[in-house]
Amino acid sequence: MEVLVALLAFAGALLAGITTGVLIGRLRDEPTGWLIAWSVTTGALALSLGAIAVGHLTGFGSATFRAFEVTGSLLAPLWLAVGVLQLLAEKASARFGGWLLGIALTVVGVVIMLLDPVAGGFTKQLPDAPVHWDIWPEWLLRGIHVLVIVTLLISLAVALLSWRDGDDYDADNMNATVVLAPAGMALVGALELTLPGIVIVALLAVTAGGIWYAVARPLAPYDEDEDEDEDGEWEESGRRRAVDRREAPPAPQVVPPAPPAQAPPRRSGLGDLVAEYRAGEEVDYAARMQPLDDFGGPATGQLMAADVYGMPAPAKAEPQQGMPATGAVFPGVEIPPEVAASFGVGFGSASRQSPAPAPRGGSVKPSPSIYGLLTVFTLLDGSGEAFDKLAEETVEAVQRNEPDTLVFVCHGVKSAPLQRIVYELYRDEVGFSEHQRQPHMERFATERQALVLATNVIELTVNAAKVVPLPTTFV
């Protein structure tokens, strides 16, 4: 019989030791009060069962008796109750009081049980504690056992009441308490009644297995939630503060922007947003108008000083028949005379000298039919020279073929080398429509896709204006 009890005790000690390792592993990620308390409990159970196994094989003595009593009778039941209290208590004062009481009783009990003399007469049977203890250790253990039973009973009632109106985590706590509270009370009752050794060994092993079940099953992290919310967080009370799966909003999906090179070409040289606007597509203009912080340049709509970018000036184009050159707003772009009539401002002839001033009395109120656009292109790194060449060729084609295009200017930005601003004015929206259908604008819209990272567009009206020819450079 002693050999059977010893084998069962060794098996129980192994189970308790493995459970202790599991709890300590959990403590690295979840340092909660109930895990700490139950780690002490399972460690004490492993030592107690080991002492029982050694005593049943070689005979009990003072050392094995003290080891069994300190670990199995004092520490294991006490810290089991403290762990349940840490699991269920919601107030910090209750948890703190549980820690103080557990530590105080542990220190006092261990000191008394190690220093108090022990009466002899041991055998290979599990010793009867009252026979070998003096009055102080005996009544200390009895008082602790009563306290443990009361605590576990109250905890069981609280867990059941919380489970009735609680959530999934209250159900987990209830499951753990329903397993551990009866096991702890049965163990304390067996120790007080001095039941046979095989019964006490079985109850010690069942308590260790109950902790394993409580931690590895009901209180285990929800594996399906780990990818969504990193298994939640834990409240200081020991209860997990994981985001409730029923209330947690779905994780926002970050959709990376499609590369500009993959965007389909549009029949517009004025920017993708205008095409979307005229096609009736819904466009988040507010989002498109945010500052381009990554490139250090201005946001669309900001007024910035910009000069005509310094690209090589092409040879001066010869004026067409019936369209005398009167000035250029861009190297190679000349303003026809009707521009002056549209704005009510006169222009001088193109020359190296400054243009003649506008005649006095001319109106600064332009025609209300004038349609304008301001387009901000943010270029890909290293694509500035290619974009400038494409823009220059486009401007030359606009000059030759579009009499209703009043102004078509491409600006560079001093403070943002990767930005280009295109300013356009048309006699009316019919002229803009004709502009869109030109082959050179289709080419501009297609070939710029591989050079442009972002495009912002603002539609304009003209309230007042003064337009004079820009000075040109002749080579």
Side-chain angles (χ1 to χ4, degrees), residues 13 16-17 19-21 23-24 26-27 31-52 55 60-89 91-119 127 129-155 180-181 183-185 187-192 200 203-204 207-208 211 236-238:
T19 304
T20 303
L23 295 179
I24 293 175
R26 284 280 298 275
L27 276 172
T32 55
W34 51 271
L35 275 175
I36 296 173
W38 288 348
S39 298
V40 176
T41 301
T42 54
L45 289 172
L47 295 176
S48 177
L49 287 166
I52 293 176
F60 283 92
S62 176
T64 52
F65 173 71
R66 289 180 189 274
F68 162 68
E69 287 290 299
V70 170
T71 56
S73 292
L74 174 65
L75 296 182
L78 175 61
W79 286 98
L80 176 67
V82 172
V84 173
L85 179 62
Q86 295 295 319
L87 178 69
L88 299 178
K91 293 184 177 180
S93 58
R95 298 192 302 273
F96 184 70
W99 281 116
L100 285 182
L101 184 61
I103 294 173
L105 291 177
T106 297
V107 173
V108 173
V110 170
V111 170
I112 291 177
M113 297 175 73
L114 291 179
L115 298 180
D116 195 81
V118 175
V131 174
H132 300 279
W133 282 127
D134 196 1
I135 186 173
W136 290 108
E138 178 184 353
W139 284 99
L140 174 66
L141 287 175
R142 188 162 296 169
I144 291 175
H145 290 166
V146 171
L147 178 63
V148 167
I149 291 176
V150 171
T151 301
L152 293 178
L153 279 174
I154 295 175
S155 299
L180 296 179
M185 290 187 288
L187 175 61
V188 169
L191 292 171
E192 285 295 320
I200 293 178
L203 289 173
L204 290 171
T207 303
I211 294 177
E236 294 179 357
S237 64

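What you see below is based on every heavy atom in this structure, not just the backbone, and it leaves out hydrogens, waters and symmetry mates.
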Does the [X] side chain pair with the main chain of [Y], one donor and one acceptor, at a distance under 3.5 Å?
{"X": "Thr71", "Y": "Ala67", "result": "yes"}
{"X": "Glu69", "Y": "Leu74", "result": "no"}
{"X": "Ser73", "Y": "Val70", "result": "no"}

Output the distance between atom [atom1] ([X]) and atom [atom2] ([Y]), rounded to the nearest 0.5 Å.
{"X": "His145", "Y": "Leu187", "atom1": "NE2", "atom2": "CG", "value": "7.5 Å"}
{"X": "Trp34", "Y": "Leu23", "atom1": "CH2", "atom2": "CG", "value": "8.0 Å"}
{"X": "Leu204", "Y": "Phe68", "atom1": "CG", "atom2": "CZ", "value": "6.5 Å"}
{"X": "Leu141", "Y": "Met113", "atom1": "CG", "atom2": "CE", "value": "4.5 Å"}
{"X": "Thr32", "Y": "Leu27", "atom1": "OG1", "atom2": "CG", "value": "6.5 Å"}
{"X": "His132", "Y": "Asp116", "atom1": "NE2", "atom2": "CG", "value": "13.5 Å"}

- Query: Does the pair Leu153 and Ile149 meet the rule for a side-chain contact (heavy atoms from CB on, under 4.5 Å), with working shown?
  - Reply: CA-CA 6 Å; Leu153 279 174; Ile149 291 176; 4.1 Å; yes

Original post:
Are Arg66 and Trp133 close enough, and set up right, to give a side-chain contact (heavy atoms from CB on, under 4.5 Å), and what steps lead you there?
Top reply: CA-CA 10 Å; Arg66 289 180 189 274; Trp133 282 127; 4.2 Å; yes

Shortest non-hydrogen separation from [X] to [Y] and the atoms involved:
{"X": "Ala94", "Y": "Ala89", "result": "CB-CB, 4.0 Å"}
{"X": "Leu191", "Y": "Gly72", "result": "CD1-O, 3.7 Å"}
{"X": "Ala37", "Y": "Trp99", "result": "N-CH2, 4.4 Å"}
{"X": "Thr64", "Y": "Gly61", "result": "OG1-N, 2.8 Å"}

Which atom pairs, donor and acceptor, lie under 3.5 Å between side-chain atoms of residues 77-85 and protein residues at least two apart or in another chain?
residue: Trp79; atom: NE1; partner: Thr106; partner atom: OG1; Å: 2.9

Item to check | Option from Leu45, Thr41, Thr42 for which side-chain contact (heavy atoms from CB on, under 4.5 Å) with Thr19 holds | outcome: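 Result: among Leu45, Thr41, Thr42, Thr42 is the only option passing the side-chain contact (heavy atoms from CB on, under 4.5 Å) with Thr19.
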
Exactly one of Val110, Leu105, Val111, Ile112 clears side-chain contact (heavy atoms from CB on, under 4.5 Å) with Val108, and that residue is Ile112

Are more than 12 heavy atoms from other residues, nucleotides or ligands located less than 6.0 Å from atom CG of Leu100?
->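 Yes, CG of Leu100 has more than 12 neighbouring heavy atoms, counting only those of other groups under 6.0 Å.
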
| Going through the checks in order, is the side-chain contact (heavy atoms from CB on, under 4.5 Å) test met by Leu147 and Leu101? | CA-CA 11 Å; Leu147 178 63; Leu101 184 61; 3.6 Å; yes

